[in-house]
S.K.: 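Encoded as structure tokens, here's the structure I'll be asking about.
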Amino acid sequence: MKQIYFDNAATTKIDERVLKEMLSYFNEKFGNASSVHEKGREAREAMEKARKIIAKSINAKKSEIYFTSGGTESNNWALKGLFFENYPEKNHIITTKVDHDCVLNTCKWLETQGAEVTYLDVDEEGFVNLEQLKNSITEKTIIVSVIHGNNEIGTIQDLEAIGKICREKNVLLHTDACQSFTKVPIDVKKQNLDLVTLNAHKIHGPKGVGAIYIREGIRITPFFHGGGHERKMRSGTENITGIVGFGKAVDVANKKDIEKMKILRDKLIDGILKIENVRLNGPMGNKRLCNNINVSFNNIEGEAIGGYLEQRGIMTSTGSACASHSLESSHVLKAIRLSPIQSNSSIRISISKFTTDEEVDYFLKTLPGIVKKLRRLSPLS
Ligand SMILES: Cc1ncc(COP(=O)(O)O)c(C=O)c1O
């Protein structure tokens, strides 16, 4: 049976061009970037090339990009690094109720260390309330951390407006851009961003590598202490193979792929909404990630829909990938005011640049029958 992978918000297939670029760094060019001999220089040059590509893509300087092991580490570093740099003079962090667990659980842990955290509400489409943000900033506030593109419902926050508020109030702004990177323009200057979390495996690069942009001049406590890699800010021998792949993944990303995904996304949304009693979670149009669809079906379990879809070769997810093994309802769907029943009746379909029109047609042909069958079986209908 043909497999259709519609779980690209969890992770993506590596692009062949990325794989090709990486391969020689496993065996031939295996040097340590800290070594001063030829093999070391070769590794360092490759790493600096990737750093330049990533910096340019967000209008940053090369020296403002630090490589990490991924989005989770970058988010942990941003929050813990700034907290410990500023505590006890300042101890307030602002984030949102729809941020990723690696931000929320870091904030919860920081609360045990003396942090005060405000979790901002969002509206029914998942947008942050800017007035509430303004009113929440105090003289104790260190940082505002807002997810750019939501991993569950695709909402794209207005970073420029948020950045303006943060600049006026003189607090730092961090964004988790793991889902939006290369899909939505990021310009650290225009959007007044002080720290940005990025990773590779959501953009057809390898897993286990990411980066953080830290604006020049920001004082932040290093995350790993050791041999002084990454300008003494993040020690540990650099993952050159991963970094090379990350750079290539950014290099090959392009607008045409985004436009293609938008068309397929809207075709999926239109087709799914033709089924009765279905609700789209998150906004429509340009304020939604080009690869995200999240829908709730009255009276049936999302898990059951996912199970039947998988029997027909289609892989989707319920909630976010990290949380989908837990039985708890999604915190994001709860924040946009879905009841636990509605939340449990949701699935996320996330496409990629490799998704084809035929795959979309097959999905739209398959889904209505599954919904009908499950509704017939449901004690709630
Ligand atoms: C929005 C967001 N932030 C952070 C992460 C974590 O990134 P990583 O898997 O690279 O640690 C993910 C991935 O699930 C994500 O979707």
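For reference, positions follow the sequence shown, starting with 1.
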S.K.: Determine, stepwise, if the pair E216 / K61 fulfils salt bridge (charged side-chain N to carboxylate O under 4.0 Å, His left out).
M.R.: CA-CA 8 Å; E216 196 171 66; K61 287 187 203 152; 2.7 Å; yes

S.K.: Taking 4.0 angstrom as the limit, do R348 and D7 come out as a salt bridge?
M.R.: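 Between D7 and R348 there is a salt bridge, with a charged N closer than 4.0 Å to a carboxylate O.
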
S.K.: Would K287 count as a cation-pi partner of F127, with NZ or CZ less than 6.0 Å from the six-membered ring centre and within 45° of the ring normal?
M.R.: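 Pair K287/F127 counts as cation-pi.
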
S.K.: Measuring only between side-chain heavy atoms, which start at C-beta, is I94 closer than 4.5 Å to L133?
M.R.: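 The answer is yes, as the side chains (C-beta and beyond) meet within the 4.5 Å cut-off.
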
S.K.: Looking at I203, N199, N239, which one forms a side-chain contact (heavy atoms from CB on, under 4.5 Å) with F246?
M.R.: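 For F246, the side-chain contact (heavy atoms from CB on, under 4.5 Å) check succeeds only for I203.
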
S.K.: Under 4.0 Å between a Lys/Arg side-chain N and an Asp/Glu carboxylate O for E116 and K140?
M.R.: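 No, E116 and K140 are not salt-bridged.
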
S.K.: Hey, does the Lys NZ or Arg CZ of R231 hover above the aromatic six-ring of Y66, less than 6.0 Å from the centre and inside 45° of the axis?
M.R.: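 Yes, R231 and Y66 form such a contact.
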
S.K.: Would you call D361 and K267 a salt bridge, taking side-chain N to carboxylate O under 4.0 Å as the test?
M.R.: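 Judged by the 4.0 Å cut-off on N to carboxylate O distance, D361 and K267 do form a salt bridge.
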
S.K.: Taking all non-hydrogen atoms of both residues, which atom of V196 and which atom of A177 are closest, and how far apart?
M.R.: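 Looking at all heavy atoms of both residues, the shortest contact is CG1-CB, 3.9 Å.
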
S.K.: Is the number of heavy atoms from other residues, nucleotides or ligands within 6.0 Å of CG (N135) greater than 12?
M.R.: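 Yes, because the 6.0 Å sphere around CG of N135 holds more than 12 heavy atoms from other groups.
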
S.K.: Under a 4.0 Å N-O cut-off, is there an ion pair linking K134 with E131?
M.R.: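 Salt bridge present between K134 and E131.
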
S.K.: Taking the six-membered ring for Trp and the full ring for Phe, Tyr or His, determine whether the centres of F30 and Y25 are under 6.0 Å apart.
M.R.: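 They do not qualify: ring centres at least 6.0 Å apart.
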
S.K.: Taking the side chain as C-beta and beyond, is there a heavy-atom pair between S74 and L198 under 4.5 Å?
M.R.: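 No. Closest side-chain heavy atoms not under 4.5 Å.
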
S.K.: With the side chain counted from C-beta on, respond yes when L280 and R288 share a heavy-atom pair under 4.5 Å apart, and no when they do not.
M.R.: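 SC-SC contact between L280 and R288 confirmed.
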
S.K.: Between K49 and E21, does any NZ, NE, NH1 or NH2 come within less than 4.0 Å of an OD or OE carboxylate oxygen?
M.R.: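 Salt bridge between E21 and K49, a charged N being under 4.0 Å from a carboxylate O: yes.
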
S.K.: Quickly, which of T68, D176, N76, N75 forms a side-chain hydrogen bond (donor to acceptor under 3.5 Å, both in side chains) with T197? Name it, please.
M.R.: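 Single pass found, and it is N75.
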
S.K.: Atom CD of residue position Q132 - does it have more than 12 heavy atoms of other residues, nucleotides or ligands inside 6.0 Å?
M.R.: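 Atom CD in Q132 is crowded, with more than 12 foreign heavy atoms closer than 6.0 Å.
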
S.K.: For the NZ atom on K255, are there more than 12 heavy atoms of other groups (residues, nucleotides or ligands in this structure) within a distance under 6.0 Å?
M.R.: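 Counting neighbours around NZ of K255, 12 or fewer heavy atoms of other residues, nucleotides or ligands fall under 6.0 Å, so no.
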
S.K.: Could you check whether atom CG of N27 has more than 12 heavy atoms from other residues, nucleotides or ligands sitting under 6.0 Å from it?
M.R.: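 It does: N27 CG has more than 12 such atoms within range.
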
S.K.: Side chains of L338 and S296, heavy atoms from C-beta outward: is any pair under 4.5 Å?
M.R.: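 Counting from C-beta outward, L338 and S296 do come under 4.5 Å.
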
S.K.: Establish, yes or no, whether a centroid distance under 6.0 Å links the rings of W77 and F224.
M.R.: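 Not under 6.0 Å, so no.
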
S.K.: Atom CZ of R167 and atom CG of N192: how far apart are they, to the nearest 0.5 Å?
M.R.: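 Rounded to the nearest 0.5 Å, the CZ-CG separation comes to 4.0 Å.
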
S.K.: About how many Å separate NZ of K202 and SG of C178, when rounded to the nearest 0.5 Å?
M.R.: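 With rounding to 0.5 Å, SG (C178) is 7.0 Å from NZ (K202).
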
S.K.: Do F223 and E73 come close enough that some side-chain heavy atom pair is under 4.5 Å?
M.R.: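 A side-chain contact under 4.5 Å exists here.
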
S.K.: If you measure from CG on N299 to CG on L374, what distance do you get to the nearest 0.5 Å?
M.R.: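 Reported value, rounded in 0.5 Å steps: 11.0 Å.
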
S.K.: Begin with the C-alpha distance, continue with both residues' side-chain angles, and end with the deciding distance and a verdict on salt bridge (charged side-chain N to carboxylate O under 4.0 Å, His left out) for E48 and K62.
M.R.: CA-CA 8 Å; E48 295 313 319; K62 241 179 89 196; 3.4 Å; yes

S.K.: Would you please test T118 and I93 for side chain to side chain contact (heavy atoms under 4.5 Å, CB included) and show each step?
M.R.: CA-CA 6 Å; T118 301; I93 295 170; over 6 Å; no

S.K.: Are any of the side-chain nitrogens in D187 or K189 under 4.0 Å away from the carboxylate oxygens of its partner?
M.R.: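 Looking at D187 and K189, the cut-off is not met.
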
S.K.: Do Q3 and M315 have side-chain heavy atoms sitting under 4.5 Å apart?
M.R.: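 Heavy-atom side-chain distance check passes, below 4.5 Å.
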
S.K.: Compare all side-chain heavy atoms of F297 with those of R279 and state whether any distance is below 4.5 angstrom.
M.R.: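 No - every pair of side-chain heavy atoms lies 4.5 Å or more apart.
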
S.K.: Quick check: are there more than 12 heavy atoms from other residues, nucleotides or ligands sitting under 6.0 Å from CD of Q113?
M.R.: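 Yes, CD of Q113 has more than 12 neighbouring heavy atoms, counting only those of other groups under 6.0 Å.
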
S.K.: Mind checking whether H204 and F354 have ring centres under 6.0 Å apart?
M.R.: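 Yes, the ring of H204 comes within the 6.0 Å limit of the ring of F354, centre to centre.
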
S.K.: With a 4.5 Å cut-off on side-chain heavy atoms, are K97 and D121 touching?
M.R.: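 Sidechains of K97 and D121: in contact.
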
S.K.: Run the salt-bridge test on K164 and D158 with the 4.0 Å N-O cut-off and return the result as yes or no.
M.R.: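 Answer for the salt bridge query: no.
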
